[in-house]
Protein chains: 2
Amino acid sequence: MAIFSKTCEYAIRAVFYIAHKTANGGRVGIKDIATGIDSPELYLAKILQDLSRKGLISSFKGPNGGFFIEPALLNKPLSEIVEAVDGDSLFYGCALGLKQCSEINPCPLHNDFKAIRDKIHLLLSTTTIGEFNSELMNGLFSLKK
Amino acid sequence: MAIFSKTCEYAIRAVFYIAHKTANGGRVGIKDIATGIDSPELYLAKILQDLSRKGLISSFKGPNGGFFIEPALLNKPLSEIVEAVDGDSLFYGCALGLKQCSEINPCPLHNDFKAIRDKIHLLLSTTTIGEFNSELMNGLFSLKK
DNA sequence: ACAATAAAAGACAAAAATATCTTTTATTAT
DNA sequence: ATAATAAAAGATATTTTTGTCTTTTATTGT
Ligand code: FES
Ligand code: FES
């Protein structure tokens, strides 16, 4: 198993893609995004509709329409995307699936896992949506293949 | 999304349960295990069959039959259970689902994620199946609720 | 030998995740 | 106004994961 669901992988890659493509204004269409991140177009459309409803990305219909990200939202943490799609069990849940992760009734992995889980949470809450824009423009980072 | 699949959560909890229940010999039946880790009995049976075929746990049929773990296997790393059930993408896969995680074609999260991924791998390969036996016998750790 | 026990195996069922198809709505340009 | 464009919405399909049911096989005790 991967760390994120397939849906979440697509969501993150799409958000990074939209962010760096519209950082200087303009909009980017679903076909462009789907090709740019190598994902099934119609499934991605559903995911972006959802993010749009939740206000994490924006869109316009019609000619010259497409998706974009409000400049102010470029420094939102990536954790908000993850939480919107996969929920927060990666940040707060028990590694072994106990109903409640707690010090009172800990599973055997609790102590060591909590440390790692907190690092994941920290990474995702300190990484912003627009953080990689210039590297992505320069082709230093990849979102496909 | 949680870090392990439900199947893997049950598998780990069951292995810990069997380990500490049979550390001093004897066998433990599926009903006992399912109750002890709070999992659906018949589904767990399938999971244990699989682990048994792979040689990670042992079993006997008939009266006084049940599951147990060869003493020598008690210091096998937990990572083998995880790998047998969930595969190795948690240890080697790209966070964003790129086909290949590599320095040559890295995703934006690559550097930070690799560090965390390695910690997860280290934790699971240095934790052994029998490591928590005494704490489990003492009730210091929990495998249910 | 025979009955009782308990896991193995195979088939099936339900739910969730992933993916696709079709129709509608908003926007733009002619 | 009208046609063209592109996302939104709703419905449907496929695949995977999770869970259950039934039959078979191995083992034990009588
Ligand atoms: S109780 Fe399992 S991780 Fe905290
Ligand atoms: S390329 Fe994505 S984690 Fe290495």
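Below, chains carry the letters A, B, ... as their sequence lines are ordered, and counting in each starts from 1. All figures in this text were calculated on a predicted structure; none of them were measured in a lab.
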> Should A:Ser52 be listed as having a side-chain N or O under 4.0 Å from OP1 or OP2 of D:dA7?
Replying inline: no
>> OP1 or OP2 of D:dA8 versus the side-chain N and O atoms of A:Ser59: is any pair under 4.0 Å?
In response: yes
>> Base of C:dA9, side chain of B:Lys46 - is there a donor-acceptor contact under 3.5 Å?
In response: yes
> Across the strands shown, which category fits B:Phe60 at heavy-atom distances under 4.0 angstrom: base, sugar-phosphate, nothing?
Replying inline: sugar-phosphate
> Salt bridge between A:Glu70 and A:Lys76, side-chain N to carboxylate O under 4.0 Å?
Replying inline: no
>> Could you tell me how far apart B:Asp50 (CG) and D:dT17 (P) are, to the nearest whole angstrom?
In response: 13 Å
> Over how many whole Å does the gap from B:Leu44 atom CG to C:dA8 atom P extend?
Replying inline: 11 Å
> Would you say D:dA6 has OP1 or OP2 under 4.0 Å from some side-chain N or O of A:Arg27?
Replying inline: no
> Which pair of heavy atoms, one from A:Ile37 and one from A:Tyr10, lies closest together, and at what distance?
Replying inline: CD1-O, 3.7 Å
>> Categorize A:Lys31 for me: base, sugar-phosphate, or nothing, with a 4.0 angstrom heavy-atom threshold over every strand shown.
In response: nothing
> Does C:dT5 have OP1 or OP2 sitting under 4.0 Å from an N or O in the side chain of B:Asn64?
Replying inline: no
> Rounded to the Å, how far apart are B:Lys6 NZ and C:dA14 C1'?
Replying inline: 16 Å
> Mapping A:Leu48 and A:Pro63 to their closest nucleotides on DNA chain D, which lands nearer the 5' end?
Replying inline: A:Pro63
>> For residues B:Leu143 and B:Ile69: do they belong to one hydrophobic cluster (side chain heavy atoms under 4.5 Å, members Ile, Leu, Val, Met, Phe, Trp, Tyr)?
In response: yes
>> Check the phosphate of D:dT17 against B:Thr7, side-chain N and O only, distance under 4.0 Å to OP1 or OP2. Yes or no?
In response: no
>> Could you tell me how far apart B:Gln49 (CD) and D:dG19 (P) are, to the nearest whole angstrom?
In response: 16 Å
> Would you find a donor on one side and an acceptor on the other, under 3.5 Å apart, between the side chain of B:Lys144 and the backbone of B:Thr35?
Replying inline: yes
>> Distance check needed: D:dA26 P versus B:Arg53 CZ, whole Å only.
In response: 15 Å
> Mapping A:Tyr10 and A:Lys61 to their closest nucleotides on DNA chain C, which lands nearer the 5' end?
Replying inline: A:Tyr10
> Expressed in angstrom and rounded to an integer, what is the separation of A:Ile47 atom CD1 from D:dA8 atom P?
Replying inline: 13 Å
>> Ignoring hydrogens and geometry beyond distance, is a side-chain donor-acceptor pair present between B:His20 and B:Glu135 at under 3.5 Å?
In response: no
> For A:Phe68 and D:dA7, what is the distance between atoms CZ and P respectively, to the nearest whole Å?
Replying inline: 12 Å
> Just how far, in rounded Å, is P of C:dA14 from CG of B:Leu42?
Replying inline: 15 Å
>> Measuring from the side chain of B:Phe67 (C-beta onward, heavy atoms only), which nucleotide among C:dA8, D:dA9, C:dA19 has the closest atom?
In response: C:dA8
